[in-house]
Amino acid sequence: MRVLAIDPGLMTGMSCFEFTRGQEPVLQWSAEVEEDAFISPIRFEFNSTPSLQIVCERFVITTETAKKAQAPYSLELIGALKQELRDRGHDPKNKAVLPFQAPRDAMAMFPNAALKKLGYWHKGGAGHANDSIRHGLLYLTRNGWVPSRLLD
């Protein structure tokens, strides 16, 4: 299974895992990309792995969000992602095709110390790549991976 995890925003965190049941996930790459470069890694991964699984951080506008400066980047990028899925014959409304995860769930399961202990820490950037790694790992735990190294 190949999983592409996305933390959308003005600076988007992206990470890609290779996973075989019964084995540790292998982080193939992680990066922070600007809005202009967002869709290229998605297309590359789909062209390499048509059965690619994408998981994305849920972005919800709340009253607190509205108090901050207008920043439509996350919603715009999620829209671009959904269109890319449609263009490839996938239904982004299907939760199995495009699962969204709450940031708090990913952070609770994989805080910084856990990422470092597991050896999945992205060096550099503003933390968005690490946020995508958290989402990738959370998705994998929800689909059979047991992070046994955290129990050591």
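Here the structure is a predicted model, which means the values were calculated and not measured. In what follows, residues are counted from 1 in the order of the sequence shown.
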| said: The test is side-chain contact (heavy atoms from CB on, under 4.5 Å); show your working for C56 and L98 and say whether it passes. | reply: CA-CA 7 Å; C56 189; L98 183 57; 4.2 Å; yes

| query | Does M14 share a hydrophobic cluster with L75, counting links as ILVMFWY side-chain heavy atoms below 4.5 Å and allowing steps through other members? | reply | yes

| request: Would you check if I54 and L52 make a side-chain contact, meaning some heavy-atom pair closer than 4.5 Å? | output: yes

| Can you tell if the side chain of T141 reaches within under 4.5 Å of the side chain of P147, non-hydrogen atoms only? | yes

| query | For D131, what residues pass the side chain to side chain donor-acceptor pair (under 3.5 Å) criterion, not counting sequence neighbours? | reply | R134

| Non-neighbouring partners of F110 that pass ring pair (Phe, Tyr, Trp, His ring centres under 6.0 Å), sequence neighbours left out | none

| said: Please determine whether residues V33 and F44 belong to a single hydrophobic cluster, defined as Ile, Leu, Val, Met, Phe, Trp and Tyr linked transitively by side-chain heavy-atom distances below 4.5 Å. | reply: no

| request: Just jot down the side chain to side chain contact (heavy atoms under 4.5 Å, CB included) partners of A126, sequence neighbours excluded, or say none. | output: E32, H128

| task | Kindly write out the residues that satisfy ring pair (Phe, Tyr, Trp, His ring centres under 6.0 Å) with H90, not counting sequence neighbours, or none if the list is empty. | result | F46

| Does one hydrophobic cluster hold both M11 and Y73, with members joined at side-chain heavy-atom distances below 4.5 Å? | no

| request: May I ask you to decide if F59's main-chain N or O and S74's side chain share a donor-acceptor pair within less than 3.5 Å? | output: no

| note | For residues 2-23, the salt bridge (Lys or Arg N to Asp or Glu O under 4.0 Å) pairs (sequence neighbours left out) are R2-E18, R2-E45

| task | Would you sort out whether V26 and F19 count as a side-chain contact (heavy atoms from CB on, under 4.5 Å), showing the intermediate values? | result | CA-CA 6 Å; V26 176; F19 176 67; over 6 Å; no

| E76: partners by salt bridge (Lys or Arg N to Asp or Glu O under 4.0 Å), with sequence neighbours left out | none

| field | Between CD1 on residue I39 and CG on residue L81, distance to nearest 0.5 Å | value | 6.5 Å

| Honestly curious: do M107 and I133 fall in one hydrophobic cluster under the side-chain, below-4.5 Å linking rule? | no

| request: Taking side chain to side chain contact (heavy atoms under 4.5 Å, CB included) as the test, write out the residues that go with N94, two or more places apart. | output: D91, A96, V97

| message | Under the rule for side chain to side chain donor-acceptor pair (under 3.5 Å), what residues qualify as partners of T12, not counting sequence neighbours? | response | none

| message | If the condition is side chain to side chain contact (heavy atoms under 4.5 Å, CB included), which residues does Q101 pass it with, not counting sequence neighbours? | response | V55, H135, L138, Y139, R142

| Pair S30, S15: side-chain N/O donor-acceptor within cut-off below 3.5 Å | no

| If every non-hydrogen atom of W145 is compared with every non-hydrogen atom of Q23, which pair is closest and at what distance? | CD1-O, 3.9 Å

| Going from OG1 on T49 to CD on Q28, what distance comes out if it is rounded to the nearest 0.5 angstrom? | 9.0 Å

| Does the side-chain contact (heavy atoms from CB on, under 4.5 Å) test come out yes or no for E24 and R149, once each step is laid out? | CA-CA 9 Å; E24 287 297 307; R149 287 187 284 169; 3.0 Å; yes

| note | By ring pair (Phe, Tyr, Trp, His ring centres under 6.0 Å), F38 pairs with (sequence neighbours left out) none

| query | If we only count heavy atoms from C-beta on, is the R88 to N47 side-chain gap below 4.5 Å? | reply | yes

| Looking only at heavy atoms, what is the nearest atom pair of P25 and L137, with distance? | CG-CD2, 4.5 Å

| field | By salt bridge (Lys or Arg N to Asp or Glu O under 4.0 Å) - contacts of R86 (at least two apart) | value | none

| request: Quick one: do T20 and M1 satisfy side-chain contact (heavy atoms from CB on, under 4.5 Å)? Show the steps, please. | output: CA-CA 6 Å; T20 302; M1 170 190 302; over 6 Å; no

| query | Where is the tightest heavy-atom contact between L4 and C16, given as atom of each residue plus distance? | reply | CD1-CB, 4.2 Å

| What pairs with R58 under side chain to side chain donor-acceptor pair (under 3.5 Å), at least two apart in sequence or on another chain? | none

